[in-house]
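Heads up, the thing below is written out as structure tokens.
For ligands, and for the atoms within them, numbers begin at 1 and follow the listed sequence.
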Amino acid sequence: MLPPIANRFVAGESPATALEHVRRLNERDIAGIVNHLGEHYDDHESVRADAAEYRALARDIAASDLQACISVKPSQLGLDLGEDLFRETVTNVVDAAAAEDVFVWIDMEDHTTTDATLDAFEELAREHEGGVGVCVQANLERTREDVERLADVPGKVRFVKGAYDEPADIAYRDGDQIDREYESLLEYAFERYDGGVAVGSHDPAMIEHAIDCHERYGTDFEIQMLMGVREDAQNDLAAEYPVYQYVPYGNRWKSYFYRRLTERTGNVRFALRALLDR
Ligand code: FAD
């Protein structure tokens, strides 16, 4: 069972608890991006099981009146076992979700997966016009070209700073430089894209920049944040802009929870307080 301390960042272990969390989010005018936790599978059985989980999740979302979409990880859908398996599995999940009119995001993992992920996204986005999105990372030098390539592809693009520790010869490693790159990529997207710009950041400066771009170019956009992070800001922003919360669930919650705890001293303090209050 999920310990109460992890509840801040993870919406339980079952799809029902995740959708119940989304229902409460919808009451705050925030939509949900539901992710079944899992990554780097090295066996076909786990890949098949998670694909089935996402197909069922799409059916459950469609059968509800919830504002929700889903987000998948390439290595969860077989990329570590080969690009062919990943293509087959992600196509299968996206086809099933599209049949239910449920939007699918494809998360971006480390740089060794970027080409395979973008190729799969581009093919699926052209087939299911408007039904698929992909994430791009400002810390990778290649991303500027990728963002230009995606300008003519239907669907949405989520801009993030990048969560993976990438080598210095292909990535920006200085925080300020990543911020400037992030702002510059947003500027390009707001100016050139027809819409579908997703700002996946908790950084007030990046969100302010996105709002400024939106006001200058009029391009549709949405703000995306993680469950348990800057929830007050999510509420405030939702009064004016489309806001989505990334809602992870499942029994593989430990590594995700520890990542959230260790990325910020404030989160460690929160955990210690919760433990002392028990
Ligand atoms: P940071 O650079 O971490 O922080 C900047 C400022 O934001 C801080 O100074 C503070 O003012 C504020 N802030 C940040 N965190 C907090 C907090 N916990 N509490 C209060 N204030 C805070 N990465 C990938 O590589 N691939 C993905 O597919 C991917 N998907 C994502 C989806 C979503 C919806 C989000 C929100 C992030 C995703 N990420 C992904 C992670 C992303 O790459 C960053 O690692 C992560 O968001 C941290 O960067 P940041 O822009 O939020 O701000």
Answer with side chain, backbone, both or neither: which part of V229 has a heavy atom less than 4.0 angstrom from an atom of ligand 1? side chain
Proximity of C135 to ligand 1 by residue part, where a heavy atom lies under 4.0 Å: side chain
For ligand 1, which atoms have a heavy atom of Q137 less than 4.0 angstrom away? 24 (C), 25 (O), 26 (N)
What atoms in ligand 1 come closer than 4.0 Å to a heavy atom of D107? 28 (O)
Determine the interplanar angle of the Y182 and F159 rings, folded into 0 to 90°, and report it as parallel if under 30°, tilted if 30 to 60°, perpendicular if over 60°. perpendicular
Can you classify the ring geometry of H36 versus Y54 as parallel (below 30°), tilted (30 to 60°) or perpendicular (above 60°)? perpendicular
Do the side chains of D236 and R28 get close enough for a salt bridge, i.e. N-O under 4.0 angstrom? no
Between M108 and ligand 1, does any nitrogen or oxygen pair lie at a separation below 3.5 Å? yes
Heavy atoms of other groups near E129 CD, more than 12 under 6.0 Å: no
Show me, pair by pair, the donor-acceptor contacts under 3.5 angstrom made by side chains of residues 81-89, not counting sequence neighbours?
residue	atom	partner	partner atom	Å
R87	NH2	E123	OE1	2.7
T89	OG1	L77	O	3.4
T89	OG1	L85	O	2.6

Among V160, D203, I207, closest by any non-hydrogen atom to atom 7 (O) of ligand 1: D203
Is there a polar contact, in the sense of an N or O pair closer than 3.5 Å, between G200 and ligand 1? no
Just which atoms of ligand 1 are under 4.0 Å from any heavy atom in P204? 7 (O), 11 (O), 12 (C)
May I ask whether K73 has any heavy atom positioned less than 4.0 angstrom from an atom of ligand 1? no
Minimum side-chain heavy-atom gap T114-D146 below 4.5 Å: yes
Any carboxylate oxygen within less than 4.0 angstrom of a Lys/Arg side-chain nitrogen, looking at R216 and E187? yes
Closest heavy-atom approach to atom 4 (O) of ligand 1 among K161, E263, E109, H202 is made by K161
Using distance only, find each side-chain donor-acceptor pair of residues 92-105 under 3.5 Å and give its atom names and separation, not counting sequence neighbours.
residue	atom	partner	partner atom	Å
N92	OD1	R55	NH1	2.6
D95	OD1	H128	NE2	2.7

Short list, please: which atoms of ligand 1 are under 4.0 Å from a heavy atom of Y164? 25 (O)
S201 to ligand 1: N or O pair under 3.5 Å? yes
For residues Y41 and D50, is any side-chain donor paired with an opposing acceptor at under 3.5 Å? yes
Before signing off on this row, confirm whether L226 and ligand 1 have an N or O atom pair separated by under 3.5 Å. no
Looking only at heavy atoms of M206, does any of them come nearer than 4.0 Å to an atom of ligand 1? no
